[in-house]
2 protein chains.
Amino acid sequence: MAKTPVRTRRSGSQLSPEAIIEASLRIAARGSQDAFTVRRLGEELGADPTAIYRHFRDKDELLLSVADRAYGEILEGIPDGLGWKDRLRALADGSLRVALKYPAVASITASRTTRRINEFRLVEFILGAVTEAGLDGADAALYYRAVADALLAYVGQSAAYVLFAPEIRAGDESSWAREYRMVDPARFPGIARLGTELAQVSAEAVFDVRVEALIAAIEARAASPSEDATRT
Amino acid sequence: MAKTPVRTRRSGSQLSPEAIIEASLRIAARGSQDAFTVRRLGEELGADPTAIYRHFRDKDELLLSVADRAYGEILEGIPDGLGWKDRLRALADGSLRVALKYPAVASITASRTTRRINEFRLVEFILGAVTEAGLDGADAALYYRAVADALLAYVGQSAAYVLFAPEIRAGDESSWAREYRMVDPARFPGIARLGTELAQVSAEAVFDVRVEALIAAIEARAASPSEDATRT
DNA sequence: CACGTAGCGCAACACTGTTGACATCTATGT
DNA sequence: ACATAGATGTCAACAGTGTTGCGCTACGTG
């Protein structure tokens, strides 16, 4: 029936949760070239599309498992021996890298919670960084959430973007060079004056600014822990 | 044909782009109670579901128009006479408010560009704020993008979250009080130690931290404009 | 006044995720 | 060793999504 499969795997089974997760990652790695659908997944596995429902309750549960596997890939890419700032930077870079590697997974999972092993490891990783920065208690929890939410949001947004059809993406990207260059300078003086600079901003630089802003906020908070965290 | 409708509206027409946009906003305002689908939209308009294709090329174009209308709603809610910091704070609050009012629209549009009038006004608004803060040229463009992307990402993430089915949301929210409380303290000492504080963090406080972090980054950048913007 | 066409309704298509019925085949209890 | 229960896989089908082609009506314009 539609029940969570037991742990005892039968030897005769062709499929397994691990094999399904890996096939999902293979499909997701092809980005917008290959849709991450149940039928396509069955094709990749050489099995009936509905066979995966014997190993996962629904596609959502599969997606969370796949995402957790991706979380592990992020953690593996972070070297040891770094200070808390460089650990957070490495985490940000790795998250973006993995999210762009599996955009279909990242774009859907960005506002979810996997509640699986590698998510625990990631939480512990961030908590360790903010603790080393000098935060503790409610402050550590608050700034952990700020870091985690910001990373997930940005990374998910970037993933959703690369997942768009090329023609849509081309239209969005060229807008800075087209529509934004033709605006009425009287109504929009700022856009008219900075049109060239706006078209030249790189996504990497923006990502950098946002990561460094968070790190600076953590540092500032650790320096004055008694004040209230909210706006003055 | 599948061509963009001309501007001369016939008097006998029951529908109009404006009426369709407003019906879309009404449906989107019902959140997860009412799915924002083409058929539901036709029902709301008292017309055939496919009638909207005489006014919009596809659902994507409609969505961008609806989003731009929501952008206008954000701008209307921002009072005059504020300094640049309070203008950005009011923008952030208004963006989140409108996004949560029309979650179905915000969650899809978060990584898109409308290229319509109210988006121009929003860009001009943010550019004015960062300019008043003391930034100019490439710096103003860079930090505009950081603010705009961060706002869109967070607001879209929040919208996607409230759009989830209540049972999924309940599972995600209770995870802090359940799974995260039962982790092995030896493997995850940070989670075990801060479990209580993690469960008590409010989304508003997290939003606040992220907005203030960006404002502080702009201020710091304006104070030392000669340095390189990237990580040291 | 005739005619081209915008506006709209209807039926249908391709594509999602998902479920129920049926068959097979393994693992286990006796 | 054998029978049975349950896990695994296949097939057909369903409800839901966005979208398109065809035909009709009624309007605005020549």
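Chain letters run A, B, ... following the sequence lines, proteins first and then strands; every chain starts at 1. Hydrogens, waters and symmetry mates are skipped; everything else that's a heavy atom, side chains included, is used.
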Which sits closer to the 5' end of DNA chain D, P49(B) or I52(A), going by the nucleotide each is nearest to? I52(A)

Which is more 5' along DNA chain C, the nucleotide nearest T37(A) or the one nearest A51(B)? Just name the residue. A51(B)

Roughly, in whole Å, what's the span from CZ in F36(A) to P in dT16(C)? 12 Å

Between C1' of dT19(D) and CG of D48(B), the distance in whole Å: 12 Å

For the side chain of K59(A), starting at C-beta, report the closest nucleotide among dG9(C), dT18(C), dG18(D). dT18(C)

Could you please name the option among dT18(C), dT19(D), dC8(C) that lies closest to any side-chain atom of D58(B)? dT19(D)

Answer yes when R40(A) and E44(A) have at least one side-chain N-carboxylate O distance shorter than 4.0 Å, and no when they do not. yes

At less than 3.5 Å, do the side-chain atoms of R39(A) and the base atoms of dG17(C) form a donor-acceptor pair? yes

For the side chain of R54(A), starting at C-beta, report the closest nucleotide among dG18(D), dC11(D), dT8(D). dT8(D)

How many Å lie between CZ on F56(B) and C1' on dG7(C), as a whole number? 14 Å

In whole Å, I'd like the distance from the CG atom of L45(B) to the P atom of dG7(C). 15 Å

Between A92(B) and V211(B), what is the shortest heavy-atom contact and its length? CB-CG2, 3.7 Å

Can you measure D60(A) atom CG to dT18(C) atom C1' for me and round it to whole angstrom units? 13 Å

Would you mind reading off the distance between R40(B) atom CZ and dA15(D) atom C1', rounded to a whole angstrom? 17 Å

Less than 4.0 angstrom from a charged side-chain N to a carboxylate O is my criterion; do E22(B) and R69(B) meet it? yes

I need the CD-P distance between E43(A) and dC11(D), as an integer number of Å. 14 Å

Using 30° and 60° as the class boundaries, would you call the ring planes of Y154(B) and F207(B) parallel, tilted or perpendicular? parallel

Any N/O donor-acceptor pair, T50(B) side-chain to dC8(C) base, under 3.5 Å: no

Roughly, in whole Å, what's the span from OH in Y53(B) to C1' in dG23(D)? 20 Å

Go through the steps for E73(A) and K101(A) under the test side-chain contact (heavy atoms from CB on, under 4.5 Å), then give the verdict. CA-CA 11 Å; E73(A) 202 169 322; K101(A) 187 175 173 186; 2.5 Å; yes

From dC8(C), dT17(D), dC11(D), pick the nucleotide closest to the side chain of L15(B)? dC8(C)

OP1 or OP2 of dA7(D) versus the side-chain N and O atoms of H55(A): is any pair under 4.0 Å? no

